[in-house]
Amino acid sequence: MTDAELLAGARVLCTFKGAVVPKSVIARLRAGQAAGVLLFGANVVSQKQALANAEEIQAAAAASPSGAPAIIATDQEGGIVHRVPGPPTESAADMGTRPAAEIEEQGRATAENLVAWGINIDLGPVADVVRPGSFEERQHRSFSSDPRLAAAAVSAFVNGLHGGGVPATLKHFPGLGAAVANTDDASATVAISADDFKAVDVLPFTAGIAAGAELVMVSSATYPSLDAAPAVMSSILIGDELRERLGFTGVVVSDALDTPAVASLGSPAEVAVSAALAGVDLFIVGGAQGCVDIQAALAKALVDGELPIEQAQAAEARVGALRTRLASVPVLGP
C-alpha cells in the first residue's frame, strides 16, 4: 500500500448491503483503505449481528497500518431519521420544546444505546434553523425556528452524546433549514442572505462547536449569497467561515456524495477530489462502490499533484485524532 493510498483511505467510510459486513469491506479496513463504515437501517437488523459486525470491523482496523479504532457511524437523530431501535424517542422538533436537561438526557440515552449496538459516532444532531415550508419543517428534523432555542437544544444534545461517550456531528453546515427540497432527493439552492446566515443559521453551529462537537457535516446545497460553489466544494464556507471565523478544528465530513443534489457536478469520486481541495476531511456515500472509487480518486489526485500532500496529511491527522479517541468507547453486549 502506497503512502497516497493510505492517506486517501484514511478519509473514506464504506457502506454495504444487508446485515453482515462483507469480507471485501473488512479487507479494505485491514489494508488501511477505509477509516470505517457508515451504517443504515438495513445493516442493523439485530443487536447480536451488529455487535458481531463491530467486533470484526474493529479487529480489522486494529490490524491496519495505523492500528486506530474504526469509525462506526450512523444517523440517529430521532423521528424519521432513526437507524437503530431506541432513543431518541422523539423527533428533533418535539425535543426542541423540552427543557435543556431533558434534551441532554435524550442525547446521553442515545449515545449509550448506540454504544450498546457497537456504534461509536452519531451523525447528528441537526443544527439547522427551520423555516416555514422547508423539507425539515415537514420532517420535524430541526429543533426550532428560533435560532437561540435551536442553539440551546443543539448544545444540550451534544453534551448528552458526550456524556454517553459518543462524538457528535453538527449538520448540515451552513444550514439546510430554508431548503425546500431534501438534498438526498434533489438539487437544492438555499436562498438565505449573508446577513441571515450570520445572524440566524450560524448560531446553533457556533453553540455546538463550543460544546465540543467533533465533526461538522457540510451540506451539498448551493448558497448563492455566500458562494457560487456548493457548500461541500466551497473553500469560502469550509475554510473562511467554518475553520477561520467559527474556529472549528475537528473533522469536516461530507454529506452523501451519490445523491441527486451532486449528480450534476460529476461522479462521487470527482466531487470528492474537489471537496478535498475545499477542505473536506472525510467522505461518505450511500452506495457500496463509492468508498472504493473515492479512495482511488483521492490517491490518484495525490500522485498527480492535484491534491497538496500537506493538506491530505492534515486531514488524515484530524481523522486519526478522532479515531484514537474512539478507543475509549466500549462495545457492550446485550
Side-chain angles (χ1 to χ4, degrees), residues 11-13 15 38 75 81 123 126-131 134-136 139 141-142 169-198 200-202 204-205 215-246 248 250-287 290-291 293-295 297-298 301 306-308 311-312 315:
R11 304 176 67 176
V12 295
L13 298 183
T15 57
L38 170 63
D75 300 273
V81 183
L123 296 183
V126 169
D128 304 329
V129 180
V130 72
R131 307 303 206 282
S134 69
F135 83 90
E136 287 186 339
Q139 297 179 352
R141 290 179 63 190
S142 167
T169 307
L170 309 177
K171 62 186 187 185
H172 312 78
F173 189 83
L176 272 180
V180 176
N182 188 337
T183 53
D184 288 341
D185 303 321
S187 60
T189 298
V190 182
I192 57 172
S193 68
D195 288 343
D196 272 355
F197 166 65
K198 293 177 180 177
V200 176
D201 296 271
V202 80
F205 290 97
L215 303 95
V216 171
M217 179 181 289
V218 182
S219 161
S220 53
T222 301
Y223 302 77
S225 70
L226 304 175
D227 191 8
V232 74
M233 300 165 69
S234 170
S235 60
I236 292 174
L237 287 168
I238 297 170
D240 297 349
E241 294 294 337
L242 182 58
R243 292 291 191 200
E244 295 298 326
R245 196 163 76 84
L246 300 189
F248 180 64
V251 173
V252 175
V253 58
S254 74
D255 206 343
L257 294 185
D258 55 350
T259 64
V262 294
S264 64
L265 306 173
S267 69
E270 291 168 335
V271 174
V273 172
S274 296
L277 279 168
V280 173
D281 298 317
L282 186 65
F283 297 93
I284 62 173
V285 288
C291 76
D293 294 342
I294 289 174
Q295 188 263 347
L298 292 175
E306 185 178 357
L307 286 178
Q311 186 186 45

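Of the residues Asp258, Thr15, Val253, the one that meets the side chain to side chain contact (heavy atoms under 4.5 Å, CB included) test with Ile284 is Val253.
With hydrogens and angles disregarded, a donor-acceptor distance shorter than 3.5 Å links the side chain of Arg11 to the backbone of Val280. With Ser234 contributing its side chain and Ala229 its backbone, the two residues share no donor-acceptor pair below 3.5 Å. Looking at Thr222, its side chain never comes within 3.5 Å of a backbone N or O of Thr189 through a donor-acceptor pair. Using a distance-only test at 3.5 Å, with no hydrogens or angles considered, a donor-acceptor pair links the side chain of Gln311 to the main chain of Leu277. Side-chain atoms of Ser134 come within 3.5 Å of backbone N or O of Gly177 as a donor-acceptor pair. Under the 3.5 Å distance criterion, the side-chain polar atoms of Asp128 are matched with a main-chain donor or acceptor of His172.
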Would Val216 and Leu242 count as a side chain to side chain contact (heavy atoms under 4.5 Å, CB included) here? Give the steps.
CA-CA 9 Å; Val216 171; Leu242 182 58; 3.9 Å; yes

Evaluation steps, side chain to side chain contact (heavy atoms under 4.5 Å, CB included), between Val232 and Asp255:
CA-CA 8 Å; Val232 74; Asp255 206 343; over 6 Å; no

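How far OG of Ser254 is from CD1 of Ile238: 9.5 Å, rounded to the nearest 0.5 Å. The line from CD1 of Ile192 to NZ of Lys198 is 11.5 Å long, rounded to the nearest 0.5 Å. Summarising the geometry, atom CD belonging to Gln295 is positioned 12.0 Å from atom CZ belonging to Phe283; distances are rounded to the nearest 0.5 Å. The line from CG of Asp293 to CG of Leu298 is 11.0 Å long, rounded to the nearest 0.5 Å. To the nearest 0.5 Å, atom CG of residue Leu170 and atom CG of residue Leu246 are 10.0 Å apart. A distance of 5.0 Å separates CZ in Phe135 from CG in Leu176, rounded to the nearest 0.5 Å.
In this view, Asp75 and Arg83, Lys171 satisfy the salt bridge (Lys or Arg N to Asp or Glu O under 4.0 Å) rule, not counting sequence neighbours. Residues meeting the salt bridge (Lys or Arg N to Asp or Glu O under 4.0 Å) test with Asp201, sequence neighbours left out: Arg131. Applying the ring pair (Phe, Tyr, Trp, His ring centres under 6.0 Å) test to Tyr223 and every residue at least two apart in sequence or in another chain returns nothing. Partners of Ser274 under the side chain to side chain contact (heavy atoms under 4.5 Å, CB included) rule, at least two apart in sequence or in another chain, are Met233.
Taking each heavy atom of Pro268 and Ile294 in turn, the nearest pair found is O-CG1, 4.0 Å. Of all non-hydrogen atoms in Ala127 and Pro204, the two that sit nearest each other are O-CB, 3.2 Å. Taking both residues in full, the closest heavy atoms of Val190 and Ala178 are given as CG1-CB, 3.9 Å, listed atom of the first, atom of the second, then distance. The two residues Pro174 and Leu226 make their nearest non-hydrogen contact at CG-CD1, 4.2 Å. Between Ala269 and Ala297, the shortest heavy-atom distance links the atoms CB-CB, 3.6 Å. Annotation for Ser142 and Val126: closest pair CA-CG1, 4.4 Å, computed over non-hydrogen atoms.
Using a 4.5 Å heavy-atom cutoff, the side chains of Pro230 and Leu265 are in contact.
Listed by first and then second residue, the salt bridge (Lys or Arg N to Asp or Glu O under 4.0 Å) pairs that reach into residues 215-232 come to none, sequence neighbours excluded. Note on residues 269-285: pairs passing salt bridge (Lys or Arg N to Asp or Glu O under 4.0 Å), not counting sequence neighbours, are Arg243-Asp281, Asp281-Arg318.
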